[in-house]
Amino acid sequence: MKEIKPDQTAATSKKQQVEEMFNSIAPRYDFLNRFLSLGIDRGWRKKAIRSLEDIKPRFILDVATGTADLAIEALKLNPTKVTGVDISALMLKVGEDKIKAQKLTDKIELVKGDSEHLLFDNNTFDAITVAFGVRNFEHLQKGIDEMYRVLRPGGKIAVLEFSKPKSFPFKQIYNFYFSAILPTWGGLISNNKSAYTYLPESVQHFPEGAEFIAYLNQAGFKEAKSNTLTFGICSLYTAIK
């Protein structure tokens, strides 16, 4: 798999560049998510959380939690605790402000950390969620292996990630929007053009569908499944340890 970084010309690592990129766009990240996805991303998060209802998780880990949207949505499962981890301190700050405003600090804890080196014991969590974060892992298999390690046997993972529509004419409309409109508006509003140029490039090269399921299988997950959402713009992957 080709490594796609926010700045392909820079010598710094993908991990460092991703951290800097999200710190840069953190203040406008939530607005841009709603604006550029027309609010559809909220429905995707709801589906991801509903996919975990069958296991009734008590302890949930949200990897690459960002501003904690999925961690907050996970409270609909009535867990004992949700832990969110992210590499970007400024994204976490936005998330913490949101959690405090909604008086959810007794249910959600956010911690700064590296998704590829999770600071949790083996078999800690009943469920793990990721929304649009696995694309940003520097070493995809390492990140998936870490999630497998900290998930308890019988636990479930739910991963949302962008994918590429295949059918006409939605494929053509989507490609135009993703390659022309999104980078322009995203760059203007966030004042970071490279972040929204990186987004379509990283989606284009991401191993989706059966290829991503192969990474889950390699880590040891069972019953790995892929469900495409909204004409294939997004995919929801689930698997059991």
Side-chain angles (χ1 to χ4, degrees), residues 1 14-15 18-19 21-22 29 33 37 41-52 55 57 59-77 79 81-88 91-92 95 108-120 124-152 155-163 199 202-203 206-209 211-221 223-229 233-241:
M1 179 178 66
K14 177 176 180 176
K15 192 172 297 183
V18 165
E19 180 179 3
M21 177 186 76
F22 280 110
Y29 180 80
N33 260 6
S37 75
D41 62 306
R42 288 174 171 159
W44 296 337
R45 287 181 173 86
K46 290 179 189 298
K47 286 182 183 292
I49 296 307
R50 283 200 298 268
S51 75
L52 301 172
I55 65 164
F59 297 97
I60 301 173
L61 175 65
D62 186 36
V63 174
T65 194
T67 62
D69 275 352
L70 193 58
I72 292 169
E73 184 68 29
L75 293 182
K76 290 182 178 177
L77 298 171
K81 183 179 180 183
V82 179
T83 303
V85 61
D86 200 278
I87 200 171
S88 166
M91 291 283 279
L92 289 173
I108 302 175
E109 178 188 21
L110 301 185
V111 295
K112 188 177 188 299
D114 183 349
S115 302
E116 297 171 30
H117 301 280
L118 295 170
L119 301 177
F120 307 106
T124 297
F125 298 97
D126 303 305
I128 297 179
T129 58
V130 196
F132 314 108
V134 290
R135 259 182 315 106
N136 301 318
F137 290 178
E138 187 168 48
H139 304 102
L140 179 57
Q141 189 66 63
K142 174 62 175 170
I144 295 171
D145 289 347
E146 275 291 272
M147 290 189 284
Y148 183 87
R149 179 183 66 79
V150 302
L151 189 66
R152 68 161 175 81
K156 192 172 185 179
I157 187 171
V159 177
L160 285 170
E161 192 50 83
F162 288 114
S163 48
L199 174 56
S202 62
V203 172
F206 184 75
E208 63 178 282
E211 290 183 73
F212 183 71
I213 285 174
Y215 282 89
L216 295 174
N217 292 338
Q218 176 67 29
F221 284 104
E223 300 178 37
K225 300 173 185 175
S226 172
N227 180 26
T228 56
L229 309 175
I233 292 178
C234 177
S235 292
L236 170 60
Y237 302 93
T238 58
I240 304 289
K241 177 173 176 178

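Below, all heavy atoms of this structure are taken into account, side chains as well, without hydrogens, waters or symmetry copies. Position 1 is the first residue of the sequence; numbering continues from there.
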What residues, two or more places apart in sequence or in another chain, satisfy side-chain contact (heavy atoms from CB on, under 4.5 Å) together with Thr124? Phe120, Asp121
Who are the side chain to side chain donor-acceptor pair (under 3.5 Å) partners of Glu208, not counting sequence neighbours? Lys164, Lys166
Check side chain to side chain donor-acceptor pair (under 3.5 Å) between Lys76 and all other residues, then give those that pass, not counting sequence neighbours. Glu73
Can you find a pair of side-chain heavy atoms, one from Ser226 and one from Phe212, that are under 4.5 Å apart? no
Side chains of Pro207 and Leu140 in contact at under 4.5 Å (non-hydrogen atoms): yes
For Asp69, give me all partners under side-chain contact (heavy atoms from CB on, under 4.5 Å), at least two apart in sequence or on another chain. Asp30, Arg34, Arg45, Thr67, Lys98
Inter-residue atom distance Asn227.CG - Leu160.CG, 0.5 Å rounding: 10.0 Å
Side-chain donor or acceptor of Lys112 paired with backbone N/O of Ile87 under 3.5 Å: yes
Looking only at heavy atoms, what is the nearest atom pair of Ala224 and Ile213, with distance? CB-CG2, 3.8 Å
Nearest heavy atoms of Leu70 and Ala131, plus distance in Å: CD2-CB, 3.7 Å
Quick one: are Phe137 and Lys142 in side-chain contact, heavy atoms under 4.5 Å? no
Tyr237 vs Lys225, test: side-chain contact (heavy atoms from CB on, under 4.5 Å). Steps then yes/no. CA-CA 6 Å; Tyr237 302 93; Lys225 300 173 185 175; over 6 Å; no
Show your working on side-chain contact (heavy atoms from CB on, under 4.5 Å) between Phe206 and Phe162 and close with a plain yes or no. CA-CA 9 Å; Phe206 184 75; Phe162 288 114; over 6 Å; no
Calculate, to the nearest 0.5 Å, the distance between atoms CG and CZ belonging to Asp126 and Arg152 respectively. 4.5 Å
Residue pair Ser235 / Ser163: nearest heavy atoms and the distance that separates them: OG-OG, 3.0 Å
I'd like to know whether Val82 forms a side-chain contact (heavy atoms from CB on, under 4.5 Å) with Thr65, so could you lay out the CA-CA distance, the side-chain angles of the two residues, the decisive distance to 0.1 Å, and finally the verdict. CA-CA 11 Å; Val82 179; Thr65 194; over 6 Å; no
What are the two closest heavy atoms between Met147 and Val130, and how far apart are they? SD-CG2, 3.5 Å
Sequence-distant partners of Phe221, ring-ring contact (aromatic ring centres under 6.0 Å, His included), two or more places apart: Tyr148
What are the two closest non-hydrogen atoms of Ile108 and Ala71, and how far apart are they? CD1-O, 3.8 Å
Between Gln218 and Gln141, is there a donor-acceptor pair closer than 3.5 Å when you use the side chain of the first and the backbone of the second? no
Here the gap from Asp41 atom CG to Ile233 atom CD1, rounded to the nearest 0.5 Å, amounts to 11.0 Å
Distance (rounded to the nearest 0.5 Å) between Arg149 CZ and Ile128 CD1: 9.5 Å
Just to verify, what does Ser51 make a side-chain contact (heavy atoms from CB on, under 4.5 Å) with, not counting sequence neighbours? Ala158, Leu236, Thr238
Would Ile60 and Phe125 count as a side-chain contact (heavy atoms from CB on, under 4.5 Å) here? Give the steps. CA-CA 6 Å; Ile60 301 173; Phe125 298 97; 5.8 Å; no
Which atom pair, heavy atoms only, marks the closest approach of Tyr215 to Glu211? CD1-O, 3.2 Å
What distance separates Asn136 CG from Lys15 NZ, expressed to the nearest 0.5 Å? 12.0 Å
Is any side-chain heavy atom of Glu146 closer than 4.5 Å to one of Val63? no
Hey, what do you get for NZ (Lys241) to CD1 (Ile157), rounding to the nearest 0.5 Å? 11.0 Å
